[in-house]
Amino acid sequence: MENFSQSLNCCGRPKWFNSMFKQCDVPDCCCGCCSALRPRYRRLVDNIFPSDPQDGLVRNNMEKLTFYALSSPEKLDRIGEYLAWKVSRDIARHRHGYVIIAMEAMDQLLLACHAQSLNLFVESFLKMVQKLLECHEADMQLLAAQSFVKFANIEEDTPSYHRRYDFFVSKFSSLCHNNNDDLETQKRLRVAGLKGIQGVVRKTVSDDLQVNIWDETHMEKIIPSLLFNMEGHCGSLTETPDSPQEEANPWSLAENCLRELMGRATFGNIRSVIRPVLKHLDNHDLWEPNDFAVHTFKIIMYSIQAQYSYAVIQILMGHLDEKSRMDDTEKKKKKLRADAKVRTGIVNVLANIVSIAAGESIGPSVLEIFNSLLNHLRHSIDIRTTNETDLIDEKHFQDCVINTLGEFANNLPDFQKIEIMMFIMGKVPLPTDESQEADVLLQKILLKSLLKVGTKYRTVQMCQAFPSAFLQPLQQMSLASDPAVRLTVQQILHTLLDRHNYLASLNKVCVSGPLPDIKIEKCSRQDSMFFKKNGPDILMHMFESVQLANNTAENFQAIYTTLSLICVEFGTDSDVLIELLRLIFAIQELPAKSTLLSSGQHCAMHILVAGFLYFLGHLTAIPAFCTHVDQVVKNRCENARQLLPDDSFTFGLFNSLPETIDESVLFSSTVIAEALRSSGHTYDTTRLLTPYIPRRVGQVTVTRSISDLNSISVEVDSVNSSPGIPRKHPEEEITVESLKRMLAESPTAKRQAEDERRLRIIEEFRTAAFEDLVAKAEQQTVDLQNKLNEIFGKVPAAVDISSRPNSPHPNSRDEHRQAPLAPPVCNIKFPSHFIY
């Protein structure tokens, strides 16, 4: 009996039973007593566990298990399932030491066998990690995160069609929001969650066969988790964790994870990442103050691929549009003040990130962006005019939009900046007599936007900086009723005219002392042609702008600066200099002619004339010119001090003009003409003595000779004009008042009248009988014949054309003036049904 008992195992089975079934997968129901009956892979797995878990993994046995797994890869899935079963049992029994050993063994098998087919083995591994994450013990959750990160760093050769990571995304995201009472444990768990998210992204983002990590359901868990850990710490955008201590910070790890996520994003996935960011900022009121929002979007812009950066700007613009399209009831609930702050925060983010975007990535839809921002400005102005309680926030919003427009324009090429300025100018409502307060406010805001864009433009040629479609409406705005609008227009001219950075030296009027060192370059042919074409119109608007009754000291100062910049940038060309002097002397004569302006404004005109002539005299360095200017300034210091700028170099609008102005305190055009003539330069001084008559572009001044000072202003009719149709202003003298009336005429009314006339003509030809049309055409033929007879038929009888000698008589000049030679009368016969 003793020998028989020795042949049995602890379960009463004979030993040959175990040897017979040693290759069978018999469950371990014998509590380790029937080891011979268990499969070899199970015995190898069991052997890696010591009797005391504190002793750790049995290294020798682990090497045997690894060798077996490498030599028999078909057993990997069974090894994994058995390890997963043991981990599940040990977790239920709270035997955490054996759990740690099992996870360590699993990690080593993953690293050793990653070249083999790991799909089924990985499923067992993920089950083990899931069991650990579901455990409420912090150490087990940390262990699971560490194992998952190791697995995520393994590059697999074979794709997986059935693996899912939904649970891990949810669980790691929840770890990122851990609020454990122990701060150190809380920090460790949040770091573990962030590392887990980073591992999921690395494992799935490059494998199209696995779960789509860019799906909205996943991004709405991942992005808020990252932003939650980033809040409260806006670190340097360029810092990276160089040490484990820095990497252990949740905020630093979250930033790195966001950078990695955006770096892997393609064009189609950008929106799925940005939308949760916007939603998080909205839900947690992080737009005001928006330091965190700016910091977040800078990280996104620095991390994203350069060619996709414009998509982020478009998404932000769309979000801004959504905030502006809130219905009235929603606005009442949220209050306009909060809405304005949110919109301001979004625009401020745009202003901060647009400079990061590559210049070429902004081009395609830049007009759409500017149009949207301008529409937001108009919307804000409507709010300001209807809700006076929200003025401060809306004003701040408008300033942010203007600043953003400038930042956008700064990244554009120069030719596109001109297009943007023309685009903005087309949005500005032109001044009319019926201009409402909202229109004036819109003019101010849009012109400030235009000025902001203009500061980013570098002028090379004037014809490129001032195309006709831009210059003409800008000149019309220089005569607007509001002085602030006119001041902004002059500032725009300053920005675009100043090619040599002399603006800072010319912003104060001066009549004594040294002037800044200004070097004049020769005017190029293109600039000379530009002034010949547009100079008269520019000077005419300057002349009319000086006469407006509500001008302030800033308006006069701006006009002085504009004239000085024209003089500097066009190189004191002969024609430019003479035209400027004619304008200046016409301004000097205005106080004696105008009674509508105040005495202080008359004094300001005299100060403007004195300051400009003093500047021009020192610029040309003509001794006689400078002597005359200095003498007049000296006389004013003695007898008419109010005609000079005060100590702060400003125009004295509160001064009173003397009742009688002595000629000694006025500048003489004759003296200056003689000084120019004696300087040796080819100045056309005869034109300087010609009275200045403002004219618009399209009107031509025809002179009989250079010596004829009384040149005749001839209005050139259109080539399409017909006899019998009177001119628009046949006998009206061109004055300042008439020009004002012409500017005040509404273009809309003109277009409506023209459309009505055209419709009447079309209707007449549609409905009238043919005989009536023929009769009307015959009457027009008669009118034409009578007009021709009137033109060519009036030959003075006192002049005998046939007896006039061929050579002129010395005394025939007076006779010629009394009886001008007329062409012979030619009778022109037209057909009876001639229609012209």
Side-chain angles (χ1 to χ4, degrees), residues 145 148-149 152-153 165 168-170 172-178 187 189-206 212-242 246-284 286-287 290-306 308-309 311-313 315-316 319 345-346 349-350 352-353 356-357:
F148 187 85
V149 171
N153 293 329
Y165 296 93
F168 298 100
V169 171
S170 301
F172 287 136
S173 299
S174 65
L175 286 180
C176 294
H177 295 82
N178 185 271
K187 178 180 177 181
L189 288 174
R190 289 187 179 182
V191 169
L194 292 169
K195 289 184 177 181
I197 289 178
Q198 197 172 27
V200 172
V201 172
R202 290 176 181 176
K203 205 64 181 174
T204 59
V205 74
S206 58
N212 184 12
I213 196 65
W214 305 106
D215 190 71
E216 183 179 357
T217 56
H218 298 319
M219 284 293 112
E220 288 186 351
K221 298 174 183 177
I222 294 175
I223 297 300
S225 302
L226 301 180
L227 297 179
F228 174 76
N229 286 275
M230 289 168 54
E231 288 180 31
H233 191 286
C234 298
S236 174
L237 294 177
T238 58
E239 71 173 334
T240 55
D242 298 329
E246 292 182 0
E247 192 174 358
N249 293 322
W251 59 266
S252 178
L253 189 59
E255 286 185 6
N256 291 335
C257 188
L258 182 61
R259 288 189 180 96
E260 183 176 351
L261 186 66
M262 295 308 305
R264 295 174 180 268
T266 60
F267 182 79
N269 300 327
I270 293 175
R271 190 173 297 275
S272 61
V273 180
I274 302 300
R275 280 181 175 175
V277 175
L278 298 175
K279 187 176 181 180
H280 181 83
L281 296 175
D282 288 339
N283 293 338
H284 297 275
L286 296 175
W287 291 113
N290 67 339
D291 295 338
F292 177 73
V294 172
H295 176 68
T296 301
F297 274 95
K298 280 187 176 181
I299 292 176
I300 292 173
M301 297 299 290
Y302 278 125
S303 305
I304 202 170
Q305 299 182 42
Y308 302 150
S309 58
V312 180
I313 297 175
I315 295 171
L316 264 176
H319 192 64
I346 298 174
V349 171
L350 283 169
N352 280 274
I353 69 173
I356 305 173

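FYI, the numbering just counts along the sequence from 1.
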How far does CZ of R275 sit from CD1 of I315, to the nearest 0.5 angstrom?
-> 7.5 Å
Contact check, side chains of H218 and Y165, non-hydrogen atoms, under 4.5 Å | no
If we only count heavy atoms from C-beta on, is the I300 to V273 side-chain gap below 4.5 Å?
-> no
So do S309 and I356 actually touch side chain to side chain, heavy atoms under 4.5 Å?
-> no
Specify the closest pair of heavy atoms between A254 and L226, including all atoms of both residues, with the distance to one decimal.
-> CB-O, 3.5 Å
Which atoms form the tightest heavy-atom contact between I270 and A311, and what is the distance?
-> CD1-CB, 4.2 Å
Lys/Arg-Asp/Glu bridge criterion (N-O < 4.0 Å) met for R202, E260 = yes
Backbone N/O of L253 and side chain of N229: donor-acceptor pair under 3.5 Å = no
Between I222 and W214, is any pair of side-chain heavy atoms under 4.5 Å apart?
-> no
Angle class for the F148/F168 ring planes (parallel below 30°, perpendicular above 60°, tilted otherwise)?
-> parallel
Measure the spacing between CD of E231 and CZ of F292 and express it to the nearest 0.5 Å.
-> 5.0 Å
Taking side chain as C-beta onward, heavy atoms only, is L261 less than 4.5 Å from I223?
-> yes
So CE of M219 and CD1 of I213: to nearest 0.5 Å the spacing works out to 5.0 Å
Output the distance between atom CG (N290) and atom NE2 (H295), rounded to the nearest 0.5 Å.
-> 13.0 Å
When rounded to the nearest 0.5 Å, the distance separating NZ of K298 from OG of S303 is 13.5 Å
Determine the minimum heavy-atom distance between R271 and P276, stating which atoms define it.
-> O-CD, 4.4 Å
Does T296 reach the side chain of V349, with side-chain heavy atoms less than 4.5 Å apart?
-> no
So, for S225 and I197, which heavy atoms are closest and what is the spacing to 0.1 Å?
-> CB-CD1, 4.1 Å
Beyond-backbone contact of F297 with N352, side-chain heavy atoms, under 4.5 angstrom | no
Could you tell me whether the side chains of T266 and N269 share a donor-acceptor contact shorter than 3.5 Å?
-> yes
Minimum heavy-atom separation for A293 to L281, with atom names?
-> CB-CD1, 3.9 Å
Donor-acceptor contact present, side-chain N249 to main-chain W251, <3.5 Å | no
Atom pair OH (Y302) and CE (M262), whose distance is rounded to the nearest 0.5 Å | 15.0 Å
Side-chain heavy-atom pair H319, D282 within 4.5 angstrom cut-off | yes
Shortest non-hydrogen pair, S173 vs K221, comes out as OG-O, 3.5 Å
